[in-house]
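Keep in mind that what you see is a predicted model, and the values were worked out from it rather than measured. Throughout, protein chains are lettered first and strands after them, A, B, ... in sequence-line order, and every chain is numbered starting at 1.
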Protein chains: 2
Amino acid sequence: MKWDALEEEPCSLSRTVAVVGDRWTLLILRECFLRVRRFEAFQSSLQITRHLLSERLKKLVRLGILRRVPYCEAPKRYEYILTQKGLDLYPVIMAMVHWGDIHMGDERGRPLLHEHKNCGKLFNPVMVCSECGEVLHAKQVHVHAGPGRRGADAA
Amino acid sequence: MKWDALEEEPCSLSRTVAVVGDRWTLLILRECFLRVRRFEAFQSSLQITRHLLSERLKKLVRLGILRRVPYCEAPKRYEYILTQKGLDLYPVIMAMVHWGDIHMGDERGRPLLHEHKNCGKLFNPVMVCSECGEVLHAKQVHVHAGPGRRGADAA
DNA sequence: GGCTATCGTTCTGAAATAGAACTGTCAAAC
DNA sequence: GTTTGACAGTTCTATTTCAGAACGATAGCC
């Protein structure tokens, strides 16, 4: 399956995977949420090849997840900054971080701790139902075909 | 960077990416949450090559995300079923589905709708703070180095 | 001029993926 | 008792993608 084909599937997961479903893109987004913004900074902290970094940044800009903003006129230099669409990926990243904290940790403990400024406490991200506020579990969710469904695929 | 190296990074996101950071693995997990369990069923619904499917299933079993359970003695046949570790990936999948619903939709509407059996309503997944219950936004979170941090990388 | 910083592009070999065919086991049908 | 079909993989080759390193462009500073 090609990446472009994924984007056309009648499945929101496929479409999201088409955008962030490769390791470098996810790692680049992690850096974005850690306030990294410049080409050299991404490159040196990720050890990604410059070629791939350039390509991924272009893709993220094209998709409206990052904005390319000049911060220096001469020579022309740009920063890559998350758009609202990009900021909305926060739950995806945090869900992955949390799963890694729980299931892929080592004896030394968590690499990073997250503090919620609103309440001042260290927290875990929890996924809840928008309607009743209860914690979500796969077995309590029933899936229906929606209006955008056409073929056999789903999620 | 090699996949194995990713797993060793002092970063929970890297470690999670090492496991689910490729498109086929994510799509296979989607199918698992939709109750798909057998080799042929994965293959025909995903149009994945048999070779890759075989390899990915092995990897997921090795990592303890799926269990390979015999359902037929002669001939030996197996099903692939989510373990607790696998079920815990539900927030990751749902966060991606929700982002796709919001940002990658088309005019026809959502491909799938999710009903919460507990409250009986169609819902969206929402990520909240485990301590105060408020909705999480990237800008309200402050990141600290944790005990498992060593070098430059983080998330 | 020579040095450094920043942001890329270009090149070549190595690795992963796609696509199709093949293997093996067993049950049921003819 | 031979054929067909379902299931769960493995093997093979061509194509695509990625890694690693070098190269280019632009400008500021000494």
Side-chain angles (χ1 to χ4, degrees), chain A residues 1-9 14 17-28 31-32 35-62 66-81 153, chain B residues 1-9 14 17-29 31-32 35-63 66-81 153:
Chain A
M1 191 181 296
K2 308 284 159 55
W3 286 99
D4 298 357
L6 261 186
E7 229 169 298
E8 303 303 322
E9 294 260 312
S14 292
V17 167
V19 177
V20 301
D22 77 285
R23 55 181 152 167
W24 285 124
T25 299
L26 286 163
L27 294 173
I28 288 169
E31 296 300 307
C32 290
R35 276 80 174 171
V36 170
R37 302 178 157 190
R38 299 186 183 178
F39 191 93
E40 293 297 318
F42 286 112
Q43 207 274 321
S44 73
S45 76
L46 290 174
Q47 298 296 101
I48 184 177
T49 63
R50 306 175 76 77
H51 177 72
L52 272 196
L53 175 57
S54 170
E55 207 179 58
R56 289 290 188 278
L57 289 173
K58 266 183 210 152
K59 181 180 171 188
L60 289 170
V61 168
R62 179 167 47 79
L66 296 178
R67 252 178 318 139
R68 190 159 172 269
V69 181
Y71 70 92
C72 174
E73 280 308 313
K76 276 279 188 189
R77 294 285 151 70
Y78 298 91
E79 291 187 319
Y80 296 89
I81 299 181
D153 259 327
Chain B
M1 191 182 298
K2 308 284 159 55
W3 286 98
D4 298 356
L6 262 186
E7 228 169 300
E8 303 303 322
E9 294 259 314
S14 292
V17 167
V19 177
V20 301
D22 78 284
R23 55 180 150 168
W24 284 125
T25 300
L26 286 164
L27 293 172
I28 288 168
L29 287 169
E31 296 299 308
C32 291
R35 275 82 175 169
V36 169
R37 303 178 156 190
R38 299 185 184 179
F39 191 93
E40 295 293 322
F42 285 112
Q43 207 274 321
S44 72
S45 76
L46 290 174
Q47 298 295 100
I48 185 177
T49 63
R50 306 176 75 77
H51 177 72
L52 273 196
L53 176 57
S54 171
E55 208 179 57
R56 290 290 189 277
L57 289 172
K58 266 184 209 152
K59 181 180 170 188
L60 289 169
V61 168
R62 179 167 47 78
L63 289 165
L66 297 178
R67 252 177 317 138
R68 189 161 173 268
V69 182
Y71 70 93
C72 173
E73 281 306 315
K76 276 278 189 188
R77 296 282 154 71
Y78 298 91
E79 291 187 319
Y80 296 89
I81 298 181
D153 260 328

Atom-to-atom span, CG of Leu27(A) to C1' of dA19(D) - whole angstrom:
15 Å
With a 4.0 Å limit, can you tell me whether Tyr80(B) has a side-chain N or O closer than that to the phosphate oxygens OP1/OP2 of dC7(D)?
no
Distance check needed: dA8(D) C1' versus Phe42(B) CZ, whole Å only.
13 Å
Can you find a side chain N or O atom of Lys58(B) that sits less than 4.0 Å from OP1 or OP2 on dT10(D)?
yes
When rounded to the nearest 0.5 angstrom, what distance separates CZ in Arg35(A) from CD in Glu31(A)?
12.5 Å
Most 5' of Ile48(A) and Glu79(B) on DNA chain D, judged by nearest nucleotide:
Glu79(B)
Please report the distance, rounded to the nearest Å, between CD in Gln43(B) and P in dT17(C).
16 Å
Arg38(A): which residues meet the salt bridge (charged side-chain N to carboxylate O under 4.0 Å, His left out) condition with it, sequence neighbours left out?
Glu79(A)
Scan residues 49-56 of chain B against DNA chain D and write down, sorted by residue number, each residue with any heavy atom closer than 4.0 Å; if none is found, say none.
Arg50(B), His51(B), Ser54(B)
Residues in salt bridge (charged side-chain N to carboxylate O under 4.0 Å, His left out) with Arg23(A), at least two apart?
none
Starting at CD of Glu40(B) and ending at C1' of dG9(D), how long is that distance when rounded to a whole Å?
9 Å
When the side chains of residues 48-57 of chain B are checked against the rest of the protein, which donor-acceptor pairs come out under 3.5 Å, sequence neighbours left out?
residue	atom	partner	partner atom	Å
Thr49(B)	OG1	Leu52(B)	N	3.4
Arg50(B)	NH2	Glu40(B)	OE2	2.6
Arg56(B)	NE	Asp22(B)	OD2	2.8
Arg56(B)	NE	Thr25(B)	OG1	3.4
Arg56(B)	NH2	Asp22(B)	OD2	3.0

Could you check how far CG of Asp22(B) sits from C1' of dT17(D), rounded to whole Å?
14 Å
Distance col, row Cys32(B):SG vs Leu27(B):CG, nearest 0.5 angstrom, shows 11.0 Å
Short side-chain donor-acceptor distance under 3.5 Å, Arg67(B) and Tyr80(B)
no
Please list, for nucleotides 24-28 of chain C, all pairs of protein and nucleotide N/O atoms separated by less than 3.5 Å.
residue	atom	partner	partner atom	Å
dT25(C)	O2	Arg77(B)	NH2	3.2

Could you work out, with salt bridge (charged side-chain N to carboxylate O under 4.0 Å, His left out) as the rule, every residue matching Lys76(A), not counting sequence neighbours?
Glu73(A)
Answer yes or no: does a side-chain N or O of Tyr71(B) lie under 4.0 Å from OP1 or OP2 of dA8(D)?
yes
Spacing between Arg23(A) atom CZ and dA15(C) atom P, to the nearest angstrom:
13 Å
From CA spacing to verdict: side chain to side chain contact (heavy atoms under 4.5 Å, CB included), Val36(A), Leu46(A)
CA-CA 11 Å; Val36(A) 170; Leu46(A) 290 174; over 6 Å; no
Rounded to whole Å, how long is the line connecting atom CZ of Arg37(A) with atom P of dC7(C)?
13 Å
When you measure from the side-chain N and O atoms of Trp24(B) to the phosphate of dA18(C), is any distance below 4.0 Å, counting only OP1 and OP2?
yes
Whole angstrom value for the distance that separates C1' of dC7(C) from CZ of Phe39(A)
6 Å
Phosphate-side-chain proximity, Arg68(B) and dG9(D), N/O vs OP1/OP2 below 4.0 Å:
yes
From CH2 (Trp3(B)) to NZ (Lys59(B)), nearest 0.5 Å:
5.5 Å
